[in-house]
Amino acid sequence: MIHRFHKFRIFHVLLSSVKNFLLCGCIGWCWEILVTALSRFADKNFDRKLIGETSLWMFPIYGMGFLFLPLARLLKHQKFWLRGLVYTILIFTTEYITGIWLTRRNLCPWNYSHARWNVHGVIRLDYAPGWFLLGLLYENMLKKRK
């Protein structure tokens with residue numbers, strides 16, 4: 001009887017993780033499309049077409065946000081700014097590692113070399129407020145699903 005319960009629990013955790021991975025991937029894609037469209041509107045003579053873009057490579061990168069759930073549980077009693085700061089650091093770290101990995105394979109869909117606050121062309125420190133908000137959005141969406 002106990003053995004069957006453990007199998008069910010493992011299946012439930014796996015299924016929940018897959019669902020959260022897919023949710024975070026979709027949220028990230030939507031976030032990126034929104035941000036790229038708005039930045040083009042602001043930067044390129046008010047481009048009213050509002051064309052945003054992303055890459056298939058970004059889905060699994062954003063999908064890794066599902067790993068925030070255990071961290072969110074640990075940080076649940078901390079102030080929002082501390083939680084957001086932790087998420088920002090984790091997102092920057094993930095973006096840096098995946099950006100370097102993809103760049104070495106000539107697959108990286110982004111290049112921030114032109115930006116003033118770039119680090120090795122794969123992260124932009126001026127994106128910190130956006131990552132802060134995205135981290136808190138992930139936390140909020142994942143907590144609602146538990």
Side-chain angles (χ1 to χ4, degrees), residues 5-44 47-146:
F5 173 76
H6 287 300
K7 280 184 179 179
F8 177 76
R9 179 72 184 138
I10 290 169
F11 176 76
H12 176 73
V13 168
L14 248 92
L15 183 61
S16 179
S17 295
V18 169
K19 287 179 180 178
N20 287 336
F21 175 83
L22 295 172
L23 175 69
C24 288
C26 288
I27 289 171
W29 261 355
C30 291
W31 178 267
E32 186 160 323
I33 290 168
L34 177 69
V35 169
T36 56
L38 292 177
S39 67
R40 287 189 177 138
F41 178 77
D43 290 345
K44 295 185 178 177
D47 182 358
R48 293 179 300 176
K49 292 179 185 175
L50 295 174
I51 296 172
E53 65 181 319
T54 189
S55 163
L56 287 175
W57 287 111
M58 299 310 297
F59 192 88
I61 294 169
Y62 284 119
M64 285 190 282
F66 87 98
L67 297 171
F68 281 12
L69 185 56
L71 183 61
R73 289 179 181 143
L74 287 173
L75 298 174
K76 69 181 174 185
H77 297 296
Q78 301 301 319
K79 302 223 183 279
F80 85 95
W81 60 266
L82 179 61
R83 295 190 324 268
L85 179 63
V86 169
Y87 301 144
T88 301
I89 291 167
L90 289 174
I91 291 170
F92 271 140
T93 302
T94 302
E95 185 180 27
Y96 184 83
I97 291 168
T98 57
I100 293 295
W101 188 85
L102 289 167
T103 298
R104 288 183 180 161
R105 286 152 183 80
N106 200 28
L107 298 171
C108 194
W110 70 91
N111 182 349
Y112 301 138
S113 297
H114 66 283
R116 181 177 182 186
W117 299 100
N118 85 83
V119 177
H120 302 129
V122 294
I123 63 171
R124 287 183 58 166
L125 298 178
D126 56 325
Y127 282 3
W131 296 143
F132 183 94
L133 292 173
L134 182 64
L136 291 174
L137 177 63
Y138 276 167
E139 174 192 73
N140 191 346
M141 296 304 293
L142 291 170
K143 279 177 156 180
K144 287 180 179 180
R145 292 189 42 79
K146 42 175 206 178

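- Here the closest heavy-atom approach between residue Lys76 and residue Arg73 is recorded as CG-O, 3.4 Å.
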Test side-chain contact (heavy atoms from CB on, under 4.5 Å) on His120 and Thr103 and set out the steps.
CA-CA 10 Å; His120 302 129; Thr103 298; over 6 Å; no
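- No more than 12 heavy-atom neighbours from other residues, nucleotides or ligands sit within 6.0 angstrom of CZ on Arg116.
- Partners of Leu34 according to the side-chain contact (heavy atoms from CB on, under 4.5 Å) rule, which considers only residues two or more places apart in sequence or in another chain, are Leu38.
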Determine, step by step, whether Ile100 and Arg104 satisfy the side-chain contact (heavy atoms from CB on, under 4.5 Å) criterion, reporting the C-alpha distance in whole Å, the side-chain angles of both residues, the deciding distance to 0.1 Å, and the verdict.
CA-CA 6 Å; Ile100 293 295; Arg104 288 183 180 161; 3.6 Å; yes
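- Under the rule for a ring pair (Phe, Tyr, Trp, His ring centres under 6.0 Å), the partners of Tyr87 that lie at least two apart in sequence or sit in another chain are Phe68.
- Within the model, atoms NZ of Lys19 and CG of Leu142 stand 13.5 Å from one another, a figure rounded to the nearest 0.5 Å.
- Every residue two or more places apart in sequence or in another chain that forms a side-chain contact (heavy atoms from CB on, under 4.5 Å) with Tyr127 is listed here: Tyr112, Arg124, Trp131.
- Separation of atoms CG (Leu50) and CD1 (Ile33) is listed at 12.5 Å; rounding is to 0.5 Å.
- For residues 50-70, every residue pair satisfying the side chain to side chain donor-acceptor pair (under 3.5 Å) rule, not counting sequence neighbours, is listed here: Glu32-Thr54, Glu32-Tyr62, Arg40-Glu53.
- Not a single side chain to side chain donor-acceptor pair (under 3.5 Å) links Asn118 to another residue, sequence neighbours left out.
- Listed by chain and number, the residues in a side-chain contact (heavy atoms from CB on, under 4.5 Å) with Phe80 are Arg83, Phe132, Leu136 (sequence neighbours excluded).
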Could you walk me through whether Leu67 and Leu90 pass the side-chain contact (heavy atoms from CB on, under 4.5 Å) test, one step at a time?
CA-CA 10 Å; Leu67 297 171; Leu90 289 174; over 6 Å; no
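- Within 6.0 Å of atom NE2 in His12, 12 or fewer heavy atoms from other residues, nucleotides or ligands are found, so the atom counts as exposed in its surroundings.
- Taken to the nearest 0.5 Å, the CG atom of Asp126 stands 8.5 Å off from the CH2 atom of Trp117.
- Considering only heavy atoms from C-beta on, Pro60 comes within 4.5 Å of Phe21 through its side chain.
- Taking a 6.0 Å sphere around CG of Leu56, one finds it holds 12 or fewer heavy atoms contributed by other residues, nucleotides or ligands.
- When side chains are defined from C-beta on, Ser17 counts as touching Val13, because their heavy atoms get closer than 4.5 Å.
- Here the SG atom belonging to Cys26 is positioned 16.0 Å from the CH2 atom belonging to Trp31, to the nearest 0.5 angstrom.
- In this structure, Ile27 CD1 and Leu22 CG are separated by 11.0 Å, a value rounded to the nearest 0.5 Å.
- A distance of 8.5 Å separates SG in Cys24 from CG in Leu134, rounded to the nearest 0.5 Å.
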